[in-house]
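As structure tokens, the structure follows; a few thoughts come after it.
A note on names: the letters A, B, ... follow the listed sequences, proteins ahead of strands, and every chain is numbered from 1.
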Amino acid sequence: MLHIQNTLSGKKELFTPIHPGKVKMYVCGMTVYDFCHIGHARVLVVFDVITRYLRKVYGPDNVTYVRNITDIDDKIIARAIENGEDISTLTNRFIEAMHEDADALGVKRPDMEPRATEHMDEILEMVQTLIDKGLAYQGENGDVYYQVSQFKTYGQLAKKNLDELQSGSRVEVEQSKRDPMDFVLWKMAKLGEPSWDSKWGKGRPGWHIECSAMSVSSLGDHFDIHGGGLDLKFPHHENEIAQSEGCTGHKFVNYWIHNGFVRVDDEKMSKSLGNFFIIRDVLKTYAAEVIRYFILNSHYMSPLNYSDENLDKGKASLTTLYQALLEFDDIDPANTVIDEGSEYAQRFFQAMDDDFNTPMAISVLFDMSHEVNRLKGSDAESASLLAMQLKKLAELLGLLESNAQQFLQGSTSEGGLSDEAINELIEQRVAAKQEKNWSECDRIRDLLDAEDILLEDTPEGTRWRRK
RNA sequence: GGCUGAAUGGCAGAAUGGCUAUGCAGCGGAUUGCAAAUCCGUGUACCUCGGUUCGACUCCGGGUUCAGCCUCCA
């Protein structure tokens, strides 16, 4: 029985879909004006795993996963001007980059990927409804604002009341607002800015309304799960609730899931602090799967400290797992089904059922790998079967999907030895070995070691891998 | 200032009112021409002070420290 830590209630709750057997989930995606960093990678990977598991539990076709793209906002406009480039050229470029990064990380595409600019009608309709209901007003500057004080449960998600929020407010108060906490629904366009026609004047949507419009239009006005990074909890998600529930008059989302931050030196990784690492840069040094392992080796809510040391450890851990799979590369796990009754599968599911406890699920994978290694010597058939089970369970986390040999051998780095050169040296060493010329053997090993190539002599011959 | 959430062994990171997390690194052994890999074994924890309890790292309260939110951010 799946339990989810619900940010709305602050409690771990039994997950029950609104429509039995069907799950609808919306996750706030990227604002596309720059490359994705490791913080974005965490959202992508975490919700990819959540989706994989939901599909496992409810069936692949019974889960609808929507992840939006914000392709119009102040930062995008500013960046386009800065680059002297068209807005859509800019956003399309970074949408493509985001897809490349996500693909590299083994993140499956969501079922729907709505864009803000393609949902203007729904956005305008929502703004109008909010005005009609007395929840929104047009200020003197023309902008349309949501009147927060009119929504009595405002602050329910962030667990704050309006008084607390106002007393701590550091925001420069816009004169046209009736209350400092009111937020923009529709923003008047300045000269030269992209705009859409509306009865309030040419303008563009505020940041929060688009997500209300996109989620409601793709999943309906009441759905199961809404997710995103912790930094979106307030004000973004709080405002989404105010907008959506303000429009419909009923509950918007049952379960809110927020993933924790990635930190650098115990500080939040963020664009504003400038301490962020771009996914594609990290991929130059570490395999994508190492990043994925690093992310999943801690619970999605915990803070995650980014460092080379931690990525190195992830690489070492994955190496251990792949060593166990090394002899089974030629077996296709696609023909295998998870043995649901096995103790390992039970423990794995139990971990995942408990609010997607991926670190614990991973610990089961290690137990399995040890068992595989033990069986290798005594019962090759059982070893092979268990290895396939290991791959099948790991697949739910998007791990161990690579070819073991390829993972361990990695790829030739610039100026490094080619696979052919390595194999040639190994052959020379094998010849020396037959003559029991140990000093020559060691010379070749040391030579390769200097190139970060590690040799392993096994009864079946010499294997190698890159450090 | 208000609010939220953390504090676990050398490092990373889980669970749990009494019993081994797991991984990386370390140490001992098996194995090996030497290694590596693997297997077996092993040490080091639960921020602090009180309370509840037969028993608390685990529950409750105070304190300390850290992070985050209250402003754009996944």
Between atom CG in A:Leu408 and atom C1' in B:A36, what is the gap in whole Å? 12 Å
Measuring from the side chain of A:Lys313 (C-beta onward, heavy atoms only), which nucleotide among B:G33, B:G23, B:U71 has the closest atom? B:G23
Return the value, rounded to whole Å, for the distance between atom CZ of A:Arg445 and atom P of B:A36. 8 Å
Say you pick atom C1' in B:A25 and the same atom in B:G13; how far apart are they, in whole Å? 15 Å
A:Leu326 CG to B:A36 P: how many Å, rounded? 17 Å
Between A:Arg374 and B:C40, does any side-chain N or O lie under 4.0 Å from OP1 or OP2? yes
Taking atom C1' of B:G23 as reference, at what distance in whole Å does atom CG of A:Asp312 sit? 14 Å
For the side chain of A:Asp231, starting at C-beta, report the closest nucleotide among B:A74, B:U38, B:C69. B:A74
Heavy atoms of A:Ser218 and A:Pro114 approach each other most closely as OG-CG, 4.3 Å
Side chain of A:Arg463 only, heavy atoms from C-beta on: which candidate in B:A37, B:A74, B:G68 is closest? B:A37
Out of B:U22, B:A74, B:A36, minimum distance to the side chain of A:Met30 belongs to B:A74
Picking from B:A15, B:A74, B:A37, which would you name as closest to the side chain of A:Lys271? B:A74
Is A:Ser298 close enough to B:A12 that one of its side-chain N or O atoms is under 4.0 Å from OP1 or OP2 there? no
Which of the following nucleotides, B:U38, B:A74, B:U71, is nearest to the side chain of A:Gln323? B:U38
Contact nearer the 5' end of RNA chain B, comparing A:Lys159 with A:Asn259: A:Lys159
Roughly, in whole Å, what's the span from CG in A:Asn305 to P in B:A6? 18 Å
Ignoring hydrogens and angles, answer whether the base of B:G33 and the side-chain atoms of A:Asp442 contain a donor-acceptor pair closer than 3.5 Å. yes
Which of B:C11, B:A74, B:C39 is nearest the side chain of A:Asn373? It is B:C39
Classify the nucleic acid contact of A:Cys441 as base, sugar-phosphate or nothing, counting any heavy atom under 4.0 Å across all strands shown. base
In terms of side-chain heavy atoms of A:Leu165, which of B:C72, B:C70, B:G33 is nearest? B:C70
Is the distance from OP1 or OP2 of B:C69 to the nearest side-chain N or O of A:Lys268 less than 4.0 Å? yes
A:Leu454 side-chain proximity, nearest of B:G33, B:G2, B:A36: B:A36
Roughly, in whole Å, what's the span from NE2 in A:His370 to P in B:U22? 8 Å
Looking at A:Ser302, does any N or O in its side chain come under 4.0 Å of the phosphate oxygens OP1/OP2 on B:A14? yes
Using a 4.0 Å heavy-atom cut-off, does A:Lys376 contact any base of the nucleic acid, only the sugar-phosphate backbone, or nothing at all? nothing
Provide, to the nearest angstrom, the distance between the CD1 atom belonging to A:Ile362 and the C1' atom belonging to B:A21. 13 Å
For A:His299, is there any backbone N or O sitting under 3.5 Å from a side-chain donor or acceptor partner on A:Asn357? no
Rounding to an integer number of angstrom, what distance separates B:U38 and B:C24 when you compare their P atoms? 8 Å
Nearest heavy atoms of A:Ala345 and A:Ile338, plus distance in Å: CB-CG2, 4.1 Å
Between B:A15, B:G23, B:C34, which nucleotide has the shortest distance from any of its atoms to the side chain of A:Arg429? B:C34
Given B:G23, is OP1 or OP2 found less than 4.0 Å from the side-chain N or O atoms of A:Asn297? no
Side chains of A:Asp71 and A:Thr117: donor-acceptor distance under 3.5 Å anywhere? yes
Considering only NZ, NE, NH1 and NH2 on the basic side and carboxylate oxygens on the acidic side, decide whether A:Arg347 and A:Glu343 come within less than 4.0 Å. yes
Go nucleotide by nucleotide along RNA chain B from the 5' end; which of A:Glu456 and A:Arg263 gets its closest nucleotide reached first? A:Glu456
Does A:His37 reach a base, just sugar-phosphate, or nothing at all? Heavy atoms under 4.0 Å. base
If you measure only the distance, is there a donor-acceptor pair under 3.5 Å linking the side chains of A:Gln323 and A:Glu456? yes
Is a donor-acceptor contact shorter than 3.5 angstrom present between the side chain of A:Lys160 and the base of B:C70? no
Kindly give the heavy-atom pair with the smallest separation between A:Leu396 and A:Val49, and that separation in Å. O-CG1, 4.1 Å
note: A:Met98, atom CE; B:A74, atom P; distance rounded to Å ~ 12 Å
